[in-house]
Structures are given as C-alpha cells and as structure tokens.
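Report on the structure given below.
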Amino acid sequence: MKLAGARAAAFCAQPDLGLKGALLHGPDGGLLALRRRELVEILTDGDDLRLTRLDPGAAQKDAAEIDAALRAMGFFPGRRVVLIEGARDSLAGPLGQVMAECGPGDAFLVVTAEGLGARSALRRLFEGGRGLVSLGLYPDAPDAAEIAALLAAAGLRAGLTPEAARMLEGAAAGIDRGSLAQLVEKIAVHGLDRETALGTDELEQLLPAAADSELDRLVTAVADGQAAAVGPMIARLTASGAGPVAMLIAAERHFRQLLGLASAGDGIDAALGRLRPPAFGARRSQLAAQARRWGPTRLETASRLLFQADRGLRAPGTRPDRALVERCLIRLAMMAGR
C-alpha cells in the first residue's frame, strides 16, 4: 500500500494495527523523525520497553536478526515495535525474506529512510508487500488547522490570537518540521497555565527571528535578481543551522505565491487581497512588483526548476544538497536580472 502527504501523516497519527510494517521516507530528516516518534508512541502506548531498535548495517547482513526481533515475546502486554532508522535499499532483500513469513501477531516493523527514489527497492517492497505500507512524507508547509492541532497536543490550552496564528503560520513555512516541533514545544511551555491567548508581541519573542528573516531575505534576493548575494546568504543560513531543504521550501512557497498573483484572472491587486496570511505595506508592494517583473511564463519556468531541484534532493545516494539548491537559486536570480 502506498500513502503520501496528508494521508501518510494521518496514518502516523492513527495507524492500521492490522498491518505488519511501515516505511517512512522523504527528503526531510526532521519531518521523518517527528512522524516516526508519533507512530512509535501510538503503537507502543508510550512504553519504551516494547520498542527494539536494530542497526540497519547489521540487519542487512543477517536477516535472522530481524526475524528474531520481530518474533520475540515481550515481557509486557501489548504489541511490540521493531525500529530500523536510516535504512538503505540494500536492506530490501533481507526484509522481504523476513516479512513474507511474519504475521500481524508479530512485532510491528517501522523503517525510516531519507532520499529514496521512485524506483527504490525498499519503496517497492513496502508499496507492494502484503500487510505493508509505504508512507511518503514531504515538507509541505503546515496549514493553520495543523498548527493549531500541534499546539493543542503540546498542551497550549489558551491558544493564539488570530493575528498571532497568522504570524506563526508564516514563520512555519520557512522552517523544517523538526524545528517547527521544537518551536511548538517552546510556545506551549511559555503559555503553560495561561487563561488568555498569546498575542503577536509575545509570539514574536519566541520565533526564530534571525533565521526566518534571513530566509525571507534570501528568497527576496532571488526574486529581485540579486545573484551575487545568494551565495553569501546561503552560507550565513547554513552557519545558523538552516538546511538546504528549508531554503528550497521557502523559495518554492514564494514562487508559487508569485505565480498565483501573476496568473490571477482579476489582476494582481485583487489576488493580493486574498492572500493568507495577508501581506501589508512594503511586503505587499514588493510582491506586486515581483509578480509583474517575472510574469506568468517565467514564473512557470522558475517553478519547474525548483521542482527539479526538489526531485534532486529526494533522489537516492550521496549528493551535495547545499550546492544543488545554491545552483538552482543563483540560476533563478540570474533569470530575474535579465
């Protein structure tokens, strides 16, 4: 079985206990870790004593080790979970042998892997294997409802004001899921036992302002054609902990927004009025100018280039992710400067 996007995330929150195992794959290690933790906690009811971790290198050399771990009897009631993180396609053979003999009564197998291509042997195993599911998890920007659910799950009972919620939604689009999870926990701790919703002033003090504003400056430089500024900005972002995936997400989101504005049948100004979260002042003027400067045709070309870079990040094997994203963004900036 094959699930992706929102359906894959929903499975992690409410897994089918009749299955034998799940593969979590995608380009964002932080997102994989977040969903893996969620899935394992639900399967084990939060009991770490029902969890067995296997090293992927050792497991691929000895299928018997996987088989023994899956069939072992637990000392405590409830189904056990066997976890293999950082798997590669070389593990598909041993897993295929073992999973063909396992049943729903054995431990549930959870495997995580970054950067698997569409023809990956691991993906084919879990997509077509009986009782198995392949979960494609990709770093789409979370919407307002998902962010509200994350805050509630973290224990923030008072919630955020509408303005603060829009501010957080905008900030969440520029960071990876692992960073978002940490930010949500930070906000929840700050608002512990509060009776009133957190406003924008308080939230602003909790946001990763430096990295977020630097990401904004990066995509603005790209859209404005400042090719010479792109490399140094990426270097600063990398030094502050922002990864190439977060940079690509920010660029994709910005150019999708510009394409929507430039392609609107009722004009750019009317489309700006429908933006959520809304754009005001200098930001609004900047988006309008960029949408007019690029136009629908060049923005479609830019979107294709970003999509190709995204596919490159998801491809299997070792690659220079930062260089791939940097080349793509510099190329876009040079397009804007023509």
Side-chain angles (χ1 to χ4, degrees), residues 5-15 22 24 26-51 53 81 83 85 110 112 135 137-216 237 240-243 245-247 249-250 253 276-278:
R7 294 178 65 198
F11 182 95
C12 293
Q14 193 171 1
L24 284 67
D28 187 337
L31 176 57
L32 290 182
L34 181 67
R35 296 303 185 202
R36 181 265 305 156
R37 182 178 65 182
E38 181 180 30
L39 177 60
V40 168
E41 284 184 355
I42 291 171
L43 290 170
T44 62
D45 298 316
D47 185 356
D48 288 342
L49 297 176
R50 286 161 51 188
L51 174 64
R53 297 175 182 269
V81 171
L83 173 63
E85 295 187 271
V110 176
T112 69
L135 305 174
L137 299 165
Y138 304 108
D140 299 322
D143 58 20
E146 183 178 354
I147 292 173
L150 290 172
L151 288 169
L156 184 66
R157 295 195 302 270
L160 305 175
T161 65
E163 295 79 9
R166 288 194 292 270
M167 177 185 287
L168 181 56
E169 185 180 357
I175 59 178
D176 60 46
R177 291 299 182 112
S179 300
L180 176 59
Q182 295 176 356
L183 176 59
V184 165
E185 291 291 339
K186 184 178 178 181
I187 294 170
V189 170
H190 180 82
L192 188 65
D193 297 329
R194 280 183 60 119
E195 299 296 331
T196 57
L198 272 71
T200 55
D201 290 343
E202 289 176 286
L203 181 63
E204 190 172 12
Q205 302 303 314
L206 302 173
L207 295 179
D212 185 50
S213 60
E214 191 69 18
L215 275 172
D216 286 342
L237 278 164
S240 67
V245 171
M247 299 177 207
I249 290 172
R253 183 172 186 272
R276 294 295 180 270

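Heads up: numbering here begins at 1 and tracks the sequence.
In summary, Arg35 and Glu38 engage in a salt bridge, as defined by a charged side-chain N under 4.0 Å from a carboxylate O.
Across every non-hydrogen atom of Leu39 and Pro15, the tightest pair is CD1-CB, 3.6 Å. Closest approach of Leu135 to Phe11, counting heavy atoms only: CD1-CD2, 3.6 Å. The heavy-atom pair separating Ile42 from Cys12 by the smallest distance is CD1-O, 3.4 Å. Considering every non-hydrogen atom in both Ala164 and Leu203, the closest pair reads O-CD2, 3.1 Å. Closest heavy-atom contact between Gly199 and Thr161: CA-OG1, 3.7 Å. When all heavy atoms of Met247 and Leu237 are compared, the pair lying nearest together is CE-CB, 3.8 Å.
With rounding to the nearest 0.5 angstrom, the CG atom of Leu24 is 13.5 Å from the CZ atom of Arg37. Atom CD1 in Ile187 sits 10.0 Å away from atom CG in Leu150 (nearest 0.5 Å). The CZ atom of Arg166 sits 12.5 Å away from atom CD1 of Ile147, with the distance rounded to the nearest 0.5 Å. Here the CD-OG1 distance, from Glu85 to Thr112, works out to 4.5 Å after rounding to the nearest 0.5 Å.
Residues Leu183 and Leu168 have side chains in contact (heavy-atom distance under 4.5 Å, counting atoms from C-beta outward). Looking at Leu156 and Leu198, their side chains come closer than 4.5 Å, going by heavy atoms from C-beta outward.
Listed for the Arg50 side chain is a donor-acceptor partner under 3.5 Å among the backbone atoms of Leu43. In terms of modelled atom types and a separation under 3.5 Å, the side chain of Asp45 and the main chain of Asp47 share no donor-acceptor contact.
Annotation: Arg194, atom CZ; neighbour count of heavy atoms from other residues, nucleotides and ligands within 6.0 Å is above 12.
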